[in-house]
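Structure record follows, encoded as structure tokens.
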Amino acid sequence: MCGIVGYIGFRNAVPMILDGLTRLEYRGYDSAGLAVQTSQTLSMRKATGQVSELRKLITKDPVSGQVGLGHTRWATHGPPTDINSHPHFGGERDVVIVHNGVIENYEQLKSQLETLGYRFYSQTDTEVVAHLIAYHLQEQQKSGAPWPHKRTAINAVELTLAKLKGTYGLGIVFRDLPDSLLAARVGSPLVIGLGEGENFIASDATPLAGHISKVVYLSDHELAFLTPEGVEISHRDNGRQDLSIQSLDQVSAEVDKGHHEHFMLKEIYEQPMTVENAMRGRLDEDEATAVFGGLNLDPQQLRKIDRIVLTACGTSWHAGLVGEYLLEEFARIPTEVEYASELRYRNPPMGRNTMLFAITQSGETADTLAAMRETQRKGHSSLAICNVVGSTIAREADGGIYLHAGTEVGVASTKAFTSQVTVLTLLALYLGRMRHMSHPAGQKMINSLQQMPEQIADTLKCFDQVKDIAQKYYDFNNFLYLGRLYNFPVALEGALKLKEISYIHAEGYPAAEMKHGPIALVEERTPSVFVVPRGGIYPKVISNLEEIKARKGPVIAIACKGDDRVKRLADHVIEVPDVEEYLQPLVTSIPLQLLAYQIAVLRGCEVDRPRNLAKSVTVE
Ligand code: AGP
């Protein structure tokens, strides 16, 4: 969840690291720090709060060097304080490290090190790793290993890693080993950027864009040794590895908000384009089906699928719920949606022809990755529906479909959701056409899908109206979100958006479930957001809406254009285009994203950096 950036080369590392950390800030933002190697010393600067605080500190108290490590933190062990911020020193400032992940056996290691006389200043698990490296370095020196020496440094790190339980992406610099930087990973992503006379490490490729064009993604149990001139990678069990060099996808001139006040708003407005990108080149009008380049399965294998499991977390899990409805309706394949955090430890029976899809924006979510690995271990093919090219899940899946939504920086996922829903619709079309769906039905679906970018653009016009509604309700403390069928996941997603960025308590329910408990919450200060576009069970949702009105609950309805019935009943109506029922989530989710956004802004919340959250959840 934390952001790591490291530099080794001929330039001053400090501005490179500060810029990199700013680009990575969406990964964690409760404190930041950096360390640089200068002649015979390691200098460190750390500050609680955002990277801008660290910048201010460095302006007041400058530091420079051509080898350095930076970190932006999402606290796991110990609150966000200067002391707990990374980097952390080991030994007598012999080594400095930054860490992303969680060391599960840190308490045991800490007490062993304390017995040996090591003093701890922070409450972090990371400081244990730093001291342990320093300890092994000292032990090796005692037994005659040469120092400073590359092999001795690598040995000290390898001996340390062998003792760690948990996950880590580590950047390591030794005080006395000039022009060297080490990196290692298990479970937490690290990418190495290859330049001319300079090299980089980072927790994702975002900070590397514009500096280099070639990258190597580190795999679990690999250790990299970087100098300005080159990079060597070794694997714990397989020794020296050839560099698998990939070109850096242009992740990121996009890390800029354009004319928008927040990344989240920019990303909401990108949706007509991102939905179009998700479909680009994937619609075959002649065959009335979808086409995918990366599934790596032939039609014969795909026809054999008799059950699908979709696994994901958070917003991606909500997209999975929409996917369940789509796949069952159009492909007639029994589908289940599992929280990845549960699936990884459950042991549900899975037949030979069960196919797993891991849905993830980042491709780094620890639970989703673990659920996918667990399923693969049992011999099932696992495919990814993923946004970030080169991410761990994208690389480890047997095949998959990219969203092509571009970098999503806002912690609250918006455009990834609509892209995931679009891709799942294409998947339902593809699998449906292999089985029961007729050519005309496929064509009709394609025609409707092609209209979606325009329908989304049309929906976005509700911005000002949503702003007025937000003005009325932004200081309320509880919201209910209600919808049925395809709009039940939309209700869950709307509630999640509001919770995560405005800190208002919000619950999403299938509208008819209200009567079984939640209706007890309804009163004048509990607004219900009803997602009630026209469709098969529209009259039933209207009855649910009436039940709320009868109890004096304010109602904000998301309804189809010109729906006078809803207008008469609801306190506010936000109109969306009348689209096919199975495509409604692509339009009904938009006003809910905007509502959460406007309310958060009015409450003075940090929209792109909500408290306690981070963009990609790489710890369990
Ligand atoms: C969405 O707004 C959240 N911030 C979060 O629920 C997110 O969707 C979840 O952590 C899964 O992330 P992923 O799609 O990158 O796997």
Side-chain angles (χ1 to χ4, degrees), residues 1 26-29 74 187-189 203-204 206 262-265 267-268 271 274 278 310-323 337-344 356-373 382 384-397 400-403 405-421 423-424 481 489-490 492-503 506 508 589 592-597 600 605-620:
M1 317 193 50
Y26 69 97
R27 293 184 72 101
Y29 33 78
W74 185 87
S188 295
S203 45
D204 69 49
T206 323
H262 297 99
F263 280 108
M264 180 181 176
L265 191 60
E267 287 155 9
I268 290 174
Q271 290 174 106
T274 49
L310 303 172
T311 194
C313 304
T315 289
S316 299
W317 186 82
H318 296 154
L321 288 179
V322 180
V337 191
E338 295 268 0
Y339 281 116
S341 52
E342 290 295 305
L343 182 62
R344 64 182 293 182
L356 181 101
F357 280 90
I359 308 172
T360 169
Q361 187 286 128
S362 62
E364 301 293 352
T365 303
D367 286 322
T368 310
L369 175 61
M372 187 180 87
R373 283 179 175 165
S382 296
I385 295 176
C386 180
N387 193 32
V388 179
V389 176
S391 56
T392 309
I393 291 176
R395 285 182 294 124
E396 292 195 13
I401 310 170
Y402 278 121
L403 302 180
T407 309
E408 189 180 68
V409 174
V411 167
S413 185
T414 52
K415 63 177 180 174
F417 174 77
T418 45
S419 294
Q420 287 162 342
V421 169
V423 162
L424 286 159
Y481 283 74
V490 173
L492 293 180
E493 176 59 8
L496 178 65
K497 288 288 88 83
L498 188 70
K499 268 184 270 216
E500 63 181 341
I501 60 169
S502 71
Y503 321 138
S589 58
L592 304 191
Q593 296 169 349
L594 287 171
L595 183 65
Y597 173 80
C605 299
E606 275 266 21
V607 172
D608 287 330
R609 299 183 188 120
R611 75 179 177 211
N612 305 339
L613 299 179
K615 183 65 185 164
S616 53
V617 183
T618 55
V619 294
E620 200 178 336

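Counting starts at 1 for both ligands and their atoms, in listed order.
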Tell me, which protein residue and heavy-atom name are nearest [atom], and how many Å apart are they?
atom	answer
atom 8 (O) of ligand 1	T315 N, 3.1 Å
atom 4 (N) of ligand 1	V411 O, 2.9 Å
atom 3 (C) of ligand 1	E500 OE1, 3.4 Å
atom 10 (O) of ligand 1	V617 CG2, 3.9 Å
atom 6 (O) of ligand 1	G314 CA, 3.2 Å
atom 11 (C) of ligand 1	C313 O, 3.3 Å
atom 16 (O) of ligand 1	T365 OG1, 2.4 Å
atom 15 (O) of ligand 1	S362 OG, 2.7 Å

Short question: side chain of [X], backbone of [Y] - any donor-acceptor pair under 3.5 Å?
X	Y	value
S382	L356	no
K415	T407	yes
D608	F263	yes
Y503	R611	yes
E493	S589	no

V388 side chain near D204 side chain, heavy-atom distance below 4.5 Å: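 No; the side chains remain at least 4.5 Å from each other.
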
K497 N/O to ligand 1 N/O under 3.5 Å: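 Indeed, backbone or side chain, K497 has an N or O that close.
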
Nearest-0.5 Å distance, OG1 of residue T368 to CE of residue M372: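 Those atoms lie 9.5 Å apart.
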
I need the atoms of ligand 1 closer than 4.0 Å to a non-hydrogen atom of [X], numbered in the order shown.
X	answer
Q361	13 (P), 14 (O), 15 (O), 16 (O)
S316	8 (O), 13 (P), 14 (O)
A412	2 (O)
S413	1 (C), 2 (O)

Option passing side-chain hydrogen bond (donor to acceptor under 3.5 Å, both in side chains) with T315 (candidates K497, Q361, Q420):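 For T315, the side-chain hydrogen bond (donor to acceptor under 3.5 Å, both in side chains) check succeeds only for K497.
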
Ligand 1 contacted by K615 (non-hydrogen, < 4.0 Å):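 Flag not set, K615 not near ligand 1.
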
Region of E364 engaging ligand 1 - heavy atom pairs below 4.0 Å: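 No part of E364 comes within reach of ligand 1.
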
All salt bridge (Lys or Arg N to Asp or Glu O under 4.0 Å) counterparts of E364, not counting sequence neighbours: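 Per chain and number, E364 pairs via salt bridge (Lys or Arg N to Asp or Glu O under 4.0 Å) with no residue.
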
Mutual orientation of the aromatic rings belonging to Y339 and W317 [parallel < 30°, tilted 30-60°, perpendicular > 60°]: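 Rings of Y339 and W317: parallel, as their planes differ by under 30°.
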
